[in-house]
There are 2 protein chains.
Amino acid sequence: MIDAKEVTISDSEWEVMRAIWTLKRVTSHELIGLMDKARGWSESTTKTLLNRLIKKNAVQKIGTGRPFSYAPAVGEQDSMTAAATDLFDHMCAMQAGTTLANVIESRDLSQDDIKNLQQILAQKAKTAPEMVECNCLPKDVKQDCDC
Amino acid sequence: MIDAKEVTISDSEWEVMRAIWTLKRVTSHELIGLMDKARGWSESTTKTLLNRLIKKNAVQKIGTGRPFSYAPAVGEQDSMTAAATDLFDHMCAMQAGTTLANVIESRDLSQDDIKNLQQILAQKAKTAPEMVECNCLPKDVKQDCDC
DNA sequence: ATTATGAGTTTACAAGTGTAAACTAAGAGT
DNA sequence: ACTCTTAGTTTACACTTGTAAACTCATAAT
């Protein structure tokens with residue numbers, strides 16, 4: 001498995017990856033049918049995306065004979081966490097909490113997910129600061145904003 | 001204020017937006033200095049990004065005379081929530097919970113953020129399902145995976 | 001052995017992005 | 001009124017992405 005942090009997957013590529021992750025192993029034929037059904041993509045489009053993913057090391061080609069199979073080379077959970085972490089890393093730290101709250105409100109979460117989150121939060125509460133500071137400007141820039 | 005969901009902000013543009021959001025109102029001069037200090041960008045680069053943001057309606061030009069000022073035309077929290085929601089919308093629903101957990105572990109959250117999250121989770125727990133299903137394949141595709 | 005067909009590889013092309021130079025117009029100073 | 005300087009606008013250019021056609025190479029069928 002390649003480290004998910006090393007691989008950048010574009011939006012369309014994500015669609016392909018999701019199918020591959022879910023099926024674990026596919027032929028291009030299956031994938032083409034799937035993406036056509038799911039997104040209405042032409043055969044060519046799926047082929048291109050698959051090749052780009054191989055080149056990026058997000059997918060590995062399996063087998064020797066002609067109908068090859070394709071399997072994920074990066075983990076789904078790892079890729080998801082890497083993508084989400086990357087996004088938050090580029091946003092204001094001060095508002096991350098509220099953003100997370102907004103996201104959570106709109107997600108379907110299982111009872112187990114919720115318990116897990118609660119446990120993590122309880123843990124974090126023990127050492128959490130009273131305030132998180134805005135990290136949007138270089139620290140030496142005067143910043144008398146209420147942000 | 002323009003609806004954040006209508007505006008797509010690229011990575012570099014985010015850096016500029018963060019500065020503008022934090023300062024609420026800037027001149028291109030200030031912004032150029034800031035981005036140079038924060039990212040080492042040349043004057044030209046900041047100017048280009050600022051113009052793209054204006055064209056996208058993420059930033060508004062203020063004033064009539066020559067040194068114009070620039071202010072956000074979309075809200076920061078709204079944009080953050082829109083970006084994060086969009087990301088999660090494109091990922092497997094089944095693993096969103098774990099992903100959120102992973103993200104939360106690595107964030108700095110304030111006591112208030114945590115309380116807020118806890119309150120939301122307690123609420124969600126009341127109606128949360130036992131399991132969230134994978135939504136990565138068209139529902140009519142046979143899918144005997146353990147995913 | 002020859003051909004059709006399915007699978008894989010190359011090329012294409014417009015839009016968006018990161019990065020920046022060149023050009024132009026409005027005010028500031030003389 | 002003329003010129004310097006600063007702020008704003010245009011152009012540039014390579015790389016990525018979304019989308020897809022064209023082309024080529026194995027292999028199965030004849």
Side-chain angles (χ1 to χ4, degrees), chain A residues 6-20 23 25-71 73 79 83 86-87 89-90, chain B residues 6-20 23 25-71 73 79 83 86-87 89-90:
Chain A
E6 304 301 314
V7 180
T8 307
I9 298 171
S10 78
D11 280 355
S12 295
E13 288 165 356
W14 262 94
E15 300 302 328
V16 175
M17 287 308 294
R18 289 177 65 178
I20 300 179
L23 297 173
R25 199 172 192 287
V26 267
T27 60
S28 68
H29 181 74
E30 294 170 299
L31 201 55
I32 286 165
L34 243 348
M35 301 320 289
D36 177 24
K37 177 169 316 200
R39 309 282 150 189
W41 285 346
S42 88
E43 180 185 2
S44 306
T45 301
T46 302
K47 284 177 173 184
T48 299
L49 262 354
L50 181 55
N51 277 322
R52 288 185 183 163
L53 287 166
I54 291 169
K55 188 161 308 170
K56 287 184 181 185
N57 279 311
V59 165
Q60 52 183 146
K61 206 175 182 178
I62 293 182
T64 43
R66 233 346 161 102
F68 293 98
S69 282
Y70 301 90
S79 299
D86 186 65
L87 182 73
D89 280 348
H90 291 301
Chain B
E6 305 300 315
V7 180
T8 307
I9 299 171
S10 79
D11 280 357
S12 294
E13 288 165 356
W14 262 95
E15 300 303 330
V16 175
M17 286 308 295
R18 289 177 68 178
I20 299 180
L23 297 174
R25 199 171 193 290
V26 265
T27 59
S28 68
H29 181 74
E30 293 169 300
L31 202 54
I32 286 166
L34 244 347
M35 300 320 290
D36 176 25
K37 176 169 316 198
R39 311 282 151 187
W41 286 346
S42 87
E43 180 185 0
S44 306
T45 299
T46 301
K47 284 177 173 185
T48 299
L49 261 356
L50 180 57
N51 277 320
R52 288 184 184 164
L53 287 166
I54 291 169
K55 190 161 306 170
K56 286 185 181 186
N57 279 309
V59 165
Q60 51 182 147
K61 207 176 182 177
I62 291 181
T64 44
R66 229 351 158 101
F68 293 97
S69 283
Y70 301 90
S79 298
D86 186 66
L87 182 72
D89 280 347
H90 292 301

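Order of the sequence lines fixes the chain letters, A, B, ..., with proteins taken first and strands second; residue numbering starts at 1 for each chain. Only a predicted model underlies this, so the values are computations on that prediction, with no experimental measurement involved.
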Exercise. Rounded to whole angstroms, how far apart are CD1 on I32(A) and C1' on dG6(C)?
Worked result: 10 Å
For this session: Count the heavy atoms of every other residue, nucleotide or ligand shown that sit under 6.0 Å from NE2 of H90(B), and state whether that count exceeds 12.
Result: yes
For this session: Would you mind classifying the nucleic acid contact of K61(A) as base, sugar-phosphate or nothing, using non-hydrogen atoms under 4.0 angstrom?
Result: sugar-phosphate
Problem set entry | Heavy-atom pair with the smallest gap, counting every atom of V7(B) and N57(B) | CG2-O, 4.1 Å
Exercise. Which one of R52(B), K56(B), R18(B) satisfies the salt bridge (charged side-chain N to carboxylate O under 4.0 Å, His left out) criterion with E13(B)?
Worked result: K56(B)
Problem set entry | Nearest-angstrom distance from the residue atom CH2 of W14(A) to C1' of dT16(D) | 18 Å
Exercise. Taking atom NZ of K47(B) and atom CE of M35(B), what is their separation to the nearest 0.5 Å?
Worked result: 15.5 Å
For this session: Please round to the nearest 0.5 Å and tell me the distance separating atom CZ of R39(A) and atom CG of L34(A).
Result: 10.5 Å
Exercise. Given dT6(D), is OP1 or OP2 found less than 4.0 Å from the side-chain N or O atoms of H29(B)?
Worked result: no
For this session: Grab the CG-C1' distance between L50(A) and dA7(C) for me, whole Å please.
Result: 11 Å
Exercise. Which pair of heavy atoms, one from M17(A) and one from A58(A), lies closest together, and at what distance?
Worked result: CE-O, 3.4 Å
For this session: Check the distance between dA28(D)'s P and R66(A)'s CZ and give it to me in whole angstrom.
Result: 11 Å
For this session: Look up atom OG1 in T27(B) and atom OH in Y70(B), then write down how far apart they are to the nearest 0.5 Å.
Result: 8.5 Å
For this session: Convert the base pairs of DNA chain C into dot-bracket notation, remembering that pairs crossing earlier ones are written with [ ] and that bases paired across to another strand are shown as |; include only Watson-Crick or G-U pairs under 3.5 Å.
Result: ||||||||||||||||||||||||||||||
Exercise. In whole Å, what is the span from the CG atom of N51(B) to the C1' atom of dG16(C)?
Worked result: 16 Å
For this session: Check whether any side-chain N or O of E15(B) sits under 3.5 Å from a backbone N or O of S12(B) as a donor-acceptor pair, and report yes or no.
Result: no
For this session: Report the distance from atom CZ of F68(A) to atom P of dC25(D), rounded to the nearest whole Å.
Result: 14 Å
Exercise. Which atom pair, heavy atoms only, marks the closest approach of W14(B) to A83(B)?
Worked result: CZ2-CB, 4.0 Å
Problem set entry | Separation of atom NZ in K55(B) from atom C1' in dG8(D), rounded to whole Å | 12 Å
Seminar exercise, completed: Expected string for nucleotides 17-23 of chain D under the B/S/- scheme (protein heavy atoms, under 4.0 Å, primed atoms plus P, OP1, OP2 as sugar-phosphate) is SBBBB--
